[in-house]
Student: 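Quick one: structure below, then a few questions.
Only a predicted model underlies this, so the values are computations on that prediction, with no experimental measurement involved.
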Amino acid sequence: MDDFFTSEEKKELFSLYRHLMQSAGDSISWKDCIKLKNHLIKAAQCNGLQRNNFGMNPVIKDLQTAVIVAEEIGMKGSCLIGIMLHEIVKTHILSIDEVSVEYGEDVASIIKGLVKTNELYAKSPAIESENFRNLLLSFAEDMRVILIMIADRVNVMRQIKDTGNEEDRIKVANEAAYLYAPLAHKLGLYKLKSELEDLSLKYTQRDTYYFIKDKLNETKASRDKYIAAFIEPIKKKVTEAGLKFDIKGRTKSIHSIWNKIQKQKTPFEGIYDLFAIRIILDSEPDPAKEKQECWQVYSIVTDMYQPNPKRLRDWLSIPKSNGYESLHITVMGPEGKWVEVQIRTRRMDEIAERGLAAHWRYKGIKGETGLDEWLTSVREALENADNDSMKMMDQFKMDLYEDEVFVFTPKGDLFKLAKGATVLDFAFHIHSKLGCKCIGAKVNGKNVQLKQKLNSGDQVEIMTSNTQTPKQDWLNIVTTSKARTKIRQALKEMVARQHDFAKETLERKFKNRKLEYDEATMMRLIKRLGFKNVTEFYQKIADGVLDVNEILDKYVEQQKRDNDTRDEIVYRSAEGYNLQAAQEETTSKEDVLVIDQNLKGLEFKLAKCCNPIYGDDVFGFVTVSGGIKIHRADCPNANQMRERFGYRIVKARWAGKSEGTQYPITLRVVGHDDIGIVTNITSIISKENGITLRSIGIDSNDGLFSGTLTVMVGDTGRLEALIKKLRTVKGVKQVSRN
C-alpha cells in the first residue's frame with residue numbers, strides 16, 4: 001500500500017473517506033464500511049489498480065466522484081458502494097458474484113454498468129461511431145450509471161488542469177462538451193452541466209475562456225450594483241406580501257455567454273443578459289400552494305417592471321420531463337436593460353440543482369415516466385444497427401437539448417414532444433403503424449398537412465389512409481430521432497420487398513432466354529448504365545423505369561464488349577489531354593500507415609479533398625460510416641473538422657515503405673502560352689521514374705495558360721523533385737499542388 005499511495009494521497013484518502021461516510025449517513029451500514037475498506041486495502045496491496053492517463057490514483061478518484069454523487073446529485077447507499085468497488089471488479093480482484101453475495105444485487109447491477117462503460121473507453125478513448133452506440137446503450141440500461149459517469153467526468157475535468165498531456169486533456173474536454181454536458185442538461189443537472197461546459201471551453205479555447213472571465217471580473221462591481229438596485233424594490237414588496245424567500249443575482253456561465261457572442265455576432269459589451277435574478281420561496285410542499293405563491297411573486301415583479309410576453313416560460317403548469325419546475329420571465333429593468341427573473345420554491349430549486357435524484361426523493365418513486373419514455377426511445381434508435389451512427393449521434397445531442405411542447409389527443413391524453421415536432425412526429429410517437437398510414441391531422445379542429453409544426457396546447461387528431469405508405473421525403477419533415485428511426489425501418493423493408501421482386505423478375509427472364517447469369521458482367525453493365533449502386537438499379541426495375549427485356553439485350557452486348565475490349569490510351573488535342581492509364585490506383589498490401597496508438601491493419605481511405613500521399617503530415621478522421629479517412633495536416637477542411645468534430649480525429653503517420661504504392665496528385669501549372677510548353681511538360685513527366693501522367697487539361701487565354709495535371713506518384717520526395725523540374729520549363733511561372 002505504501003508503494004501505491006504518495007504521502008499526500010494518504011492524507012487525502014482518509015480525509016475523503018471520512019467526508020464520504022458523513023455524507024452517506026446511515027445509507028451505508030457500518031458492516032459494509034468495514035468490508036469496503038478491507039477490499040480497497042487488498043486491491044492496493046496486490047498492485048491490481050492502475051492510474052489513468054493523468055496519473056490519477058483510482059481509489060482517490062473514485063472517492064472524489066462518490067462525494068460529488070452524494071453531495072451534488074444526492075444519491076446514496078448502493079450507488080456509492082458501486083463507485084468504490086467497480087475498479088476492483090474491473091481488475092478481477094473481486095468478482096460480480098462475490099459483490100452480489102456480500103453487498104446485494106443492486107450494487108452488482110451498478111458495477112456491471114460502470115465496468116461495461118469503462119471497457120468501452122479502454123477500447124478507444126475517443127467517441128467512435130460503434131463505440132458511442134454501445135456506450136449509450138449501456139447508459140440506457142440503468143439511469144444511475146449515467147448520473148455516476150457524469151459525476152466522474154466532472155471530477156476528472158476538475159483535476160486535470162495541471163496533469164497529463166495537452167492532447168489527452170482536449171480529448172476528455174471534447175467528450176465532456178459533446179456527450180456529458182447534454183446528458184446532464186437532459187437529466188436536470190444544470191449546475192454540473194454548466195461546470196462541464198465551462199471547463200471544456202477552458203481546456204479547448206483557453207484564450208476565449210480567460211477573455212470572458214477577465215471581462216466578467218472587470219464588470220463585476222457595476223453588475224453587482226445594478227442587481228442590488230433591481231432587487232431592492234422586489235424584496236420590499238415580496239416581504240410585505242408575507243412570503244419567506246431568498247433572492248439573488250446569478251451571473252451566467254462563461255460558456256453560455258460565449259454561445260451568445262457567437263449566436264448574436266456581437267462583442268462582449270453587446271451582451272445584455274449576463275445575469276439572471278432567482279427568487280426562491282420557502283413554500284410548504286403542497287403543489288397548489290407552491291404554484292399560487294410563485295404566481296403571486298410573478299404578479300409583484302411584472303407590476304413593477306414591464307414584462308416581455310414572448311419570453312415567458314411556464315414550467316409550473318406542466319414541468320419538464322426531467323422534473324424541472326420554474327417560472328421564467330424577462331422584464332425591462334432600470335436603464336432599459338432586459339433582466340431574466342426565475343421564480344421557484346426551495347423544493348423546485350433543489351430539483352433544478354440536483355436533477356433526478358432530488359426529484360425521486362420528493363416524489364417517493366424510483367423512476368420518472370417522461371425520462372423512462374426518453375430512455376426507451378434511445379434504446380430503439382440505438383438498437384437499430386442500420387442507423388448512420390454519426391448522424392444518430394448529432395440527432396441524439398439535439399434531442400438532449402431540445403425544449404418540449406405539450407399536445408393533447410381528442411380524448412384529452414397529454415403527450416410531450418421535442419420543440420419543433422410536426423404532425424408526422426406526433427403520429428409516430430403514438431405508434432409506428434399510425435405514422436406509416438398518416439396523411440394529415442386535425443389540429444384544433446382545422447385540417448393541416450404532415451409537416452405542420454405543433455405548439456403547446458394543440459389538440460391533435462391524426463388522419464390515416466390504408467393506401468398511404470412511408471415516403472423518402474418524410475425524413476425531411478420529421479424532427480425527432482424516434483420518428484426518423486421508424487421511417488428508415490419502414491422504407492428499408494419496402495425497398496427490400498421491391499428489390500426481391502425485381503431480382504426474381506430478372507432471373508426468370510434469364511431462364512426464359514436460356515442465358516447464363518454472370519455477376520461480374522452484370523456489375524459492369526450496371527456501372528456502364530450510370531448507376532452508383534445495385535440498389536438504385538433494382539429500384540428502377542421495380543418502378544418500371546427500366547424494361548427487363550432491354551436490360552437482357554444490353555447484357556448480351558456487355559458480354560461481347562468484355563470479350564473484344566482491351567485497355568488503350570486515348571490522346572486528344574493539346575488543349576485537353578486525357579490519358580486513360582491501364583493501371584488503376586494501387587494500394588500497398590503492407591501497412592504504410594500507423595493510425596492512432598500504433599494500430600495497424602485498420603481500413604482507411606485517402607481523402608479526395610486534399611489527396612495525401614506517402615510522406616505528407618497527416619491525420620485520421622472517423623467518418624459517418626465508421627471507416628477512417630486520411631487527410632493532410634494542411635487540408636483546407638482541417639480547421640473546421642478540428643473545431644466541430646475534434647472527438648473524431650485520430651493520430652496517423654506514414655510507416656513501412658512506399659514502394660509499389662502510387663497516389664493520384666493534381667498539380668496546377670500557370671505560365672505563358674509558349675509554343676511547345678505542353679510537350680516539354682509531358683516530356684519531363686515521362687522521363688521520371690515511378691511517375692505516370694493520367695490526365696492533363698489546359699486553358700489558354702490572352703497569352704496565358706492555366707493547366708491541371710493529374711499524376712500518379714509514390715511519395716512526397718518524388719513529387720517535390722517533379723515540381724522542381726517543372727518550374728524550370730520555359731514559360732512556366734507557377735507550379736502548385738491542389
Student: Are side-chain heavy atoms of Lys193 and Leu183 found at a separation under 4.5 Å?
Tutor: no
Student: After noting the C-alpha distance and the side-chain angles of His39 and Tyr103, does the key distance pass the side-chain hydrogen bond (donor to acceptor under 3.5 Å, both in side chains) rule?
Tutor: CA-CA 12 Å; His39 281 129; Tyr103 297 94; 2.9 Å; yes
Student: Does Glu8 have more than 12 heavy atoms from other residues, nucleotides or ligands lying within 6.0 Å of its CD?
Tutor: no
Student: Anything under 30° is parallel, anything over 60° is perpendicular, the rest tilted; go ahead and classify Phe619 against His631.
Tutor: parallel
Student: Is a donor from one side chain sitting under 3.5 angstrom from an acceptor on the other, for Asp152 and Thr65?
Tutor: yes
Student: Does the side chain of Thr208 come within less than 4.5 Å of Trp258's, by heavy atoms?
Tutor: yes
Student: Can you name the nearest heavy-atom pair linking Met84 to Ile88, along with the distance?
Tutor: O-CD1, 4.2 Å
Student: Evaluate the side-chain proximity of Asn611 to Leu606: yes if any heavy-atom separation is below 4.5 Å, no if none is.
Tutor: no
Student: For the residue pair Gly620 and Ile628, what are the closest heavy atoms and their distance?
Tutor: CA-CG2, 4.0 Å
Student: Would you say Leu63 and Ile83 make side-chain contact, with heavy atoms under 4.5 Å?
Tutor: no
Student: With a 4.5 Å cut-off on side-chain heavy atoms, are Cys635 and Cys609 touching?
Tutor: yes
Student: Just so I know, are the side chains of Asn259 and Glu197 near enough to count as touching, which here means a heavy-atom distance under 4.5 Å?
Tutor: no
Student: Is it true that Glu9 and Lys61 make a salt bridge, defined as a side-chain N closer than 4.0 Å to a carboxylate O?
Tutor: no
Student: For the pair Leu189 and Glu195, evaluate side-chain contact (heavy atoms from CB on, under 4.5 Å) and give the outcome as yes or no after the intermediate values.
Tutor: CA-CA 10 Å; Leu189 299 166; Glu195 186 176 355; over 6 Å; no
Student: Could you state the interatomic distance from CD1 (Ile170) to CZ (Arg206), rounded to the nearest 0.5 Å?
Tutor: 11.5 Å
Student: Please find the pair of heavy atoms, one from Val89 and one from Val99, that lie closest to each other, and give the distance.
Tutor: CG2-CG2, 3.7 Å
Student: Determine, for Glu720 against Lys724, whether the closest basic-nitrogen to carboxylate-oxygen distance falls under 4.0 angstrom.
Tutor: no
Student: Any Lys/Arg nitrogen of Asp168 or Lys171 sitting under 4.0 Å from an Asp/Glu carboxylate oxygen of the other?
Tutor: no
Student: Is Asp617 atom CG crowded by more than 12 heavy atoms from other residues, nucleotides or ligands, each under 6.0 Å away?
Tutor: no
Student: Using side-chain heavy atoms (C-beta onward) and a distance below 4.5 Å, is Val69 in contact with Leu147?
Tutor: no
Student: Between the side chains of Glu98 and Ser95, does any donor sit under 3.5 Å from an acceptor?
Tutor: yes
Student: Check the surroundings of atom NZ in Lys191: do more than 12 heavy atoms from other residues, nucleotides or ligands lie under 6.0 Å from it?
Tutor: no
Student: Under a 4.0 Å threshold between the charged nitrogen and the carboxylate oxygen, would Arg737 count as salt-bridged to Asp616?
Tutor: yes
Student: Exactly one of Val67, Asp62, Val59 should register a side-chain contact (heavy atoms from CB on, under 4.5 Å) with Leu16. Which one does?
Tutor: Val67
Student: Centre-to-centre under 6.0 Å for Tyr209 and Tyr203, is that the case here?
Tutor: no
Student: Can you give me the closest heavy-atom contact between Ala176 and Leu196, atom names plus distance?
Tutor: CB-CD2, 4.1 Å
Student: Met75 and Ile148: which non-hydrogen atoms are nearest, and at how many Å?
Tutor: CE-CG1, 4.2 Å
